[in-house]
Amino acid sequence: MKKITLAVTIAVIYLIAYLTAVCASADIKILFGMFILSPFVLIFMVYTVLKHGTPSKYTFDERRYDDWGQRGSESKEIGTPK
């Protein structure tokens with residue numbers, strides 16, 4: 001889990017640094033370089049999460065309507081827990 005946290009933290013810090021450079025009107029060469037490198041940061045993050053993450057113990061049908069309190073298509077009313 002530490003690898004995932006580190007990868008996401010690096011990606012977020014890179015994003016904040018890029019946005020700060022844009023708002024601060026940094027040199028166009030720096031902005032272009034950071035823009036070109038950003039897909040690699042994103043790919044690194046996604047690869048790390050997929051490689052070291054743990055799969056969910058639930059299926060899509062079991063957790064489809066969790067935000068409404070439903071557990072599947074058996075519930076007739078929205079918001080009624082099963």
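In what follows, residues are counted from 1 in the order of the sequence shown.
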If you group Ile, Leu, Val, Met, Phe, Trp and Tyr by side-chain heavy-atom gaps below 4.5 Å, do V41 and L31 land in one group? yes
Could you tell me whether the side chain of Y18 reaches within less than 4.5 Å of the side chain of S38, counting heavy atoms only? no
If hydrophobic clusters are built by linking Ile, Leu, Val, Met, Phe, Trp and Tyr wherever their side-chain heavy atoms come under 4.5 Å apart, do L19 and I13 end up in the same one? no
Tell me whether V49 is reachable from Y58 by hopping between hydrophobic residues (I, L, V, M, F, W, Y) whose side-chain heavy atoms are closer than 4.5 Å. no
Mind checking whether F44 and T48 have side chains closer than 4.5 Å, heavy atoms only? yes
How many angstroms lie between CG in L6 and NE2 in H52, if you round to the nearest 0.5 Å? 10.5 Å
Using a 4.5 Å cut-off on heavy atoms from C-beta on, say whether the side chain of Y14 contacts that of L37. yes
Please tell me if the side chains of M45 and I10 come closer than 4.5 Å, counting only heavy atoms from C-beta onward. no
Do F35 and F40 land in one hydrophobic cluster if side-chain heavy atoms of ILVMFWY residues count as linked below 4.5 Å? yes
